[in-house]
Amino acid sequence: MAAVASRIAGVKGLADAGIAMVPGEYRRDSDPRQCVEIEEIPVIDLSDVEKCSPARILAIDSIRSASRDWGFFQIIGHGFPEQLMANMMELVHDFFRLPIEDRSVYYSEDSSSKFRMGTSFIPSKETRRMWQDYLHQACYPPCEIAQLPTKPPSYVKISTAYAEAMNRLAKRVLGLFSESLGLESGALEEAFGGERHAMRMNYYPPCPEPELTIGLDAHADPNGFTILQQDTRVKDGLQILHCGAWVPIKPLPGAFVVNIGDQLQILSNDAYKSVEHRAVVNSERTRVSIASFYGPAEDSHIAPLAQLVADEAPACFKESVYGNYLQSFYASKLDGKAAIETVRY
Ligand code: OGA
Ligand code: NI
């Protein structure tokens with residue numbers, strides 16, 4: 001019982017209690033904050049992509065090269081309301097500021113629950129925990145309004161407005177990904193056979209010994225692609241593995257980070273790669289990030305697109321049902337790119 005209570009209280013509970021040392025199960029062997037600040041990931045302007053064809057061609061070319069070379073890029077000029085970005089960020093901070101009695105009813109260790117609060121990744125099984133708590137919310141298909149928090153009072157309104165605007169942006173980005181692969185703009189949408197869109201709101205409280213632990217272990221996202229809002233008030237957090245080195249992704253005000261997930265790697269027949277990334281923590285202030293995971297419908301069968309398979313480029317991956325892929329992802333510990341290797345020929 002005590003173990004469950006401590007999982008419900010999460011790392012927010014440890015931070016609030018004012019612990020001076022990171023407990024053993026959170027420790028890692030090396031300081032994950034060590035990284036190299038080489039180049040920055042590409043920044044792509046989507047301002048005129050719907051209107052003007054030179055801007056569209058430029059954006060599509062940039063998406064193609066960023067997806068091949070980095071698997072990550074930032075987008076600006078995306079049209080997503082800035083106020084809504086700020087409100088959503090504040091909402092997550094406000095939720096976690098609530099007393100634990102108000103939050104604990106949402107705690108669940110069932111990865112299929114459509115709305116839940118959690119800590120680390122699979123805390124009941126992990127021997128090495130991560131310094132983060134989170135909220136998970138299914139967006140499309142949505143969870144019942146009745147499952148969503150009643151506090152803060154604006155929770156339903158802001159989170160559903162955010163999910164709606166994000167869904168529109170994700171569909172536009174999906175069309176651009178299709179064209180960047182030389183396909184009709186609806187090709188990936190068709191291959192997705194519907195959609196699964198969920199958000200993970202990561203909450204990383206200050207940590208007394210950030211050099212000894214990690215906020216989020218190295219992993220690749222299992223979905224189609226991810227659109228991430230970073231906390232512009234915190235400098236360090238997200239890092240990506242690029243050419244064998246960990247590179248920090250500095251938050252750019254107003255921008256979203258976009259990254260390729262496993263399903264896009266599979267559909268593109270390895271032309272695009274999901275890239276390993278992780279998050280580090282700091283001792284000064286809470287960092288929040290909002291990850292919107294966009295991908296195929298859970299019952300869709302995903303395999304390399306026929307248009308991208310040829311005699312000289314045979315299919316690299318076996319077909320899998322996306323829902324099954326996700327289930328095995330959520331049943332195993334975060335382990336770099338291990339998931340996609342299980343479906344490679
Ligand atoms: C994720 C993720 C990065 C971050 O939620 O999958 O990679 O900066 N988050 O929190
Ligand atoms: Ni991720």
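Here the structure is a predicted model, which is why all the values come from computation and not from measurement. Just follow the structure's listing: the first ligand is 1, and inside any ligand the first atom is 1.
Across all their heavy atoms, G254 and H78 have their closest contact at O-NE2, 2.7 Å.
Proximity of F293 to ligand 1 is established by a heavy-atom distance of less than 4.0 Å.
Donor-acceptor pairing under 3.5 Å is lacking for the side chains of Y294 and N223. In the model, E298 has no side-chain atom that pairs as donor or acceptor with a side-chain atom of N324 under 3.5 Å.
Side-chain atoms of K273 come within 3.5 Å of backbone N or O of D270 as a donor-acceptor pair. Not one N or O on the side chain of T226 forms a donor-acceptor pair closer than 3.5 Å with the backbone of F293.
Contacts of T226 with ligand 1, taken as heavy-atom pairs under 4.0 Å, are absent altogether. Residue Q230 does not touch ligand 1, judged by heavy-atom distances below 4.0 Å. Counting heavy atoms under 4.0 Å from ligand 1, residue R278 does not touch it at all.
Applying the 4.0 Å criterion to heavy atoms of A291 picks out, from ligand 1, the atoms 5 (O). Contact atoms of ligand 1 toward N202: 5 (O), 9 (N), 10 (O) (distance under 4.0 Å to a heavy atom of the residue). If you number the atoms of ligand 1 from 1 as listed, the ones under 4.0 Å from a heavy atom of Y204 come out as 4 (C), 10 (O).
Here the rule is side-chain contact (heavy atoms from CB on, under 4.5 Å) with I44, and of I63, V49, D61, I60 only I63 fits it.
H277 has its closest N, O or S atom to the Ni ion (ligand 2) at the position named NE2.
Of the protein's non-hydrogen atoms, L216 CD2, 3.7 Å is the one closest to atom 1 (C) of ligand 1. Looking only at protein heavy atoms, the nearest one to atom 4 (C) of ligand 1 is S289 OG, 3.3 Å.
Checked against a 3.5 angstrom limit, the closest N/O atoms of R287 and ligand 1 fall inside it.
L148 and L84 fall within a single hydrophobic cluster, where Ile, Leu, Val, Met, Phe, Trp and Tyr side chains are chained together by heavy-atom contacts under 4.5 Å.
Using a 4.5 Å heavy-atom cutoff, the side chains of Y204 and V234 are not in contact.
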